[in-house]
Amino acid sequence: MIFSWLHVAIILFLGAGVLFAGVPLLASLLLAPKCKDEELLLPYECGLRPYGTSWVRFGINYYFYALLFLAFDVDVLYLYPVAVYYPFSEGFLPLIEIFLFVFILGLAVIYFFKKGVFSWPRRIKV
Amino acid sequence: MIDLSTIPSPLVQIVIGLIGVLAFVGLNGLVCVYLERKVAGHIQRRPGPFEVGPHGILQPLADAVKLVAKQMITPKGADPILYWAAPLISFAPAIACFLPLPFGPKLQNVSINVGLILILAFSSLNVLALCLAGWSSQNKWSLLGAARDIAQSVAYEIPLLLSLLPIILLTGSLNLAEITQTQGPWPWQWLVVKQPLAFIIFFVCVFAETNRAPFDLPEAESELTAGFHTEYSGMGFGLFFLAEYSYMVVGCALASILFLGGYQGPVASGWWWFLLKVYALLLVMMWVRWTYPRVRFDQLLNLAWKWFIPLSLLNILITALVVKL
């Protein structure tokens with residue numbers, strides 16, 4: 001059975017966070033006025049009646065950024081355990097390995113730079 | 001202040017720490033609202049809130065009462081469960097972020113050897129909450145605000161992570177108390193002297209992650225009304241604000257622990273030095289808000305990808321080299 005006080009603490013803190021946020025909401029339910037009106041419940045759209053639904057497809061211009069993020073974030077997480085052990089390691093081999101890893105990460109940025117992902121207005125060369 | 005390490009049962013220790021953190025978060029919300037309005041006022045050459053109490057000191061309480069007494073509206077066609085879950089999801093991880101922070105030499109809730117990772121993991125849950133809030137409120141402004149927020153948080157998450165790596169390379173620890181102890185009480189012994197570039201990148205990323213001006217594009221009031229929280233009234237809006245202030249404090253606390261020596265100070269080390277550093281950084285954040293105009297979205301993304309990521313990668317390489325030499 002895996003048990004640690006850290007897990008208890010995290011669960012307690014998250015639960016307390018929900019409670020701490022929930023109590024003012026409940027107090028608001030009790031104290032606040034409850035008007036009911038058709039117009040009151042309309043989503044705000046600069047005073048006009050909303051045109052259509054907002055749940056539509058729209059072109060996300062930032063798709064490439066999301067891809068880049070996925071590639072980077074996973075790799076950076078690998079660097080964390082390496083960095084923790086690094087000051088206690090011996091020899092120059094770890095240094096060379098870190099250099100290789102970061103160099104390849106840097107190549108990704110250069111690649112997307114050349115592709116034109118970072119230039120606006122967007123001109124991505126396929 | 002109680003010496004937390006003398007309490008025998010871990011459960012009692014955790015609960016006492018939890019009560020302390022909740023009190024701190026609540027008080028911090030009140031102090032930050034007051035400070036923000038006063039700083040904004042004085043920078044614009046007006047006194048700020050002045051009517052409620054001496055020098056308007058009771059204004060945040062009046063604001064809180066007003067927010068509780070406002071009607072909570074769920075817009076027509078919105079997804080009510082997600083809509084009301086979003087403020088809770090935004091706020092709850094903020095409390096968990098306080099778990100590994102060492103407030104003083106013996107004032108740490110739980111000593112965790114992965115404290116830094118824990119804070120990074122929980123603070124990035126905020127993006128999910130803002131995404132849910134924007135999507136579920138059936139409002140076009142909210143949806144655009146949420147899309148912007150995701151792109152922005154995702155872009156600044158990486159330099160944030162990368163700028164912390166040199167610190168770990170130098171100290172070889174993820175435990176925030178140990179990182180504090182590797183630094184001395186005097187300013188020239190702090191890690192900011194060895195890592196000025198990492199400090200600047202980290203602090204700018206904190207601005208972007210907490211959606212503070214000049215990076216407040218997800219809630220840009222001149223373009224998107226109020227961005228992702230356009231539809232939230234009363235306490236829903238209040239909770240988003242409280243969460244934002246809590247994340248600001250977590251970010252400034254991390255900056256002062258990792259770079260500015262944490263609770264250690266030249267005269268008498270203790271939690272007062274920690275709070276002094278945190279609130280000094282918070283004041284800088286408020287000062288910046290009224291100094292710089294909002295950036296454009298392509299400038300925001302390109303700053304992260306073209307400058308901060310290459311620079312922080314270089315910083316890692318140089319640090320790794322220096323550690324080995």
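Residue numbering restarts at 1 for every chain, and letters A, B, ... go by the order of the sequence lines.
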- Task: Return the option, out of A:S89, A:G22, A:P94, with the maximum number of heavy-atom pairs under 4.5 Å with chain B.
- Result: A:S89
- Task: May I ask you to name which of B:L99, B:I73, B:L174 has the most heavy-atom pairs under 4.5 Å with chain A?
- Result: B:L99
- Note on the structure: Checked B:L313, B:V323, B:V154 vs chain A; the most non-hydrogen pairs under 4.5 Å come from B:V154
- Message: Under a 4.5 Å cutoff for heavy-atom pairs, which residue among A:F92, A:F103, A:F99 has the most contacts with chain B?
- Response: A:F99
Would you be so kind as to tabulate the donor-acceptor pairs closer than 3.5 Å made by side chains of residues 66-86 of chain A, with sequence neighbours excluded?
unit_1 : atom_1 : unit_2 : atom_2 : d
A:Y80  : OH     : B:L161 : O      : 2.9
A:Y86  : OH     : B:A320 : O      : 2.9

- Would you check if the side chain of B:N139 reaches a backbone N or O of A:P43 as a donor-acceptor pair within less than 3.5 Å? no
- Query: At a heavy-atom separation under 4.5 Å, does A:L29 approach chain B through its side chain, its backbone, both, or neither?
  - Reply: both
- Message: If you count heavy-atom pairs within less than 4.5 Å of chain B, which of A:L25, A:L105, A:I110 leads?
- Response: A:L25
- Task: Answer with side chain, backbone, both or neither: which region of B:A96 has an atom nearer than 4.5 Å to a non-hydrogen atom of chain A?
- Result: both
- Note on the structure: Of the listed A:L30, A:V109, A:L42, A:I10, the one with the largest count of heavy-atom pairs under 4.5 Å with chain B is A:I10
- Item | Side chains of A:V18 and B:F91 in contact at under 4.5 Å (non-hydrogen atoms) | no
- Item | Part of B:V21 within contact of chain A (heavy atom distance under 4.5 Å) | side chain
- Query: Between CG of A:L14 and CG of B:L125, what distance do you get to the nearest 0.5 Å?
  - Reply: 8.5 Å
- Message: Working note: B:W135 + A:W55, criterion side chain to side chain contact (heavy atoms under 4.5 Å, CB included); need CA distance, chi angles, decisive distance, verdict.
- Response: CA-CA 8 Å; B:W135 186 81; A:W55 293 339; 3.9 Å; yes
- Pick from B:I316, B:L321, B:V15: which one has the most heavy-atom pairs with chain A under 4.5 Å? B:L321
- Message: Applying side chain to side chain donor-acceptor pair (under 3.5 Å) as the test, list every pair that has at least one member in residues 82-101 of chain B; sequence neighbours left out.
- Response: B:T74-B:W84, B:S90-B:N126
- Message: Heavy-atom cut-off 4.5 Å, strictly under: side chain, backbone, both or neither for B:S136 against chain A?
- Response: backbone
- Note on the structure: Value for CD1 (A:I98) from OG1 (B:T319), rounded to nearest 0.5 Å, stands at 10.0 Å
- What residue in B:K70, B:K76, B:K140 has the most heavy-atom pairs under 4.5 Å with chain A? B:K140
- Message: Is B:L120 in contact with chain A via its backbone, its side chain, both, or neither, using a 4.5 Å heavy-atom distance?
- Response: side chain
- Message: How close do B:L239 and A:A21 get, counting heavy atoms only, and between which atoms?
- Response: CD1-O, 3.5 Å
- Task: Pick one of side chain, backbone, both or neither for B:E157, based on which atoms fall under 4.5 Å of a heavy atom in chain A.
- Result: side chain
- Part of B:I117 within contact of chain A (heavy atom distance under 4.5 Å): side chain
- Query: At a heavy-atom separation under 4.5 Å, does B:L18 approach chain A through its side chain, its backbone, both, or neither?
  - Reply: both
- What residue, out of B:M72, B:E231, B:K324, has the most heavy-atom pairs lying under 4.5 Å from chain A? B:K324
- Query: Counting heavy-atom pairs under 4.5 Å to chain A, which of B:P75, B:G172, B:A155 comes out on top?
  - Reply: B:G172
- Non-hydrogen atoms of chain A under 4.5 Å away: do they reach the side chain of B:L314, the backbone, both or neither? neither
- Is chain A contacted by the side chain of B:W305, its backbone, both, or neither, given a heavy-atom distance below 4.5 Å? both
- Item | Option in A:G106, A:A32, A:S28, A:A9 with maximal non-hydrogen atom pairs under 4.5 Å from chain B | A:S28
- Using non-hydrogen atoms and a 4.5 Å limit, figure out which bit of B:Q71 sits close to chain A: side chain, backbone, both or neither. both
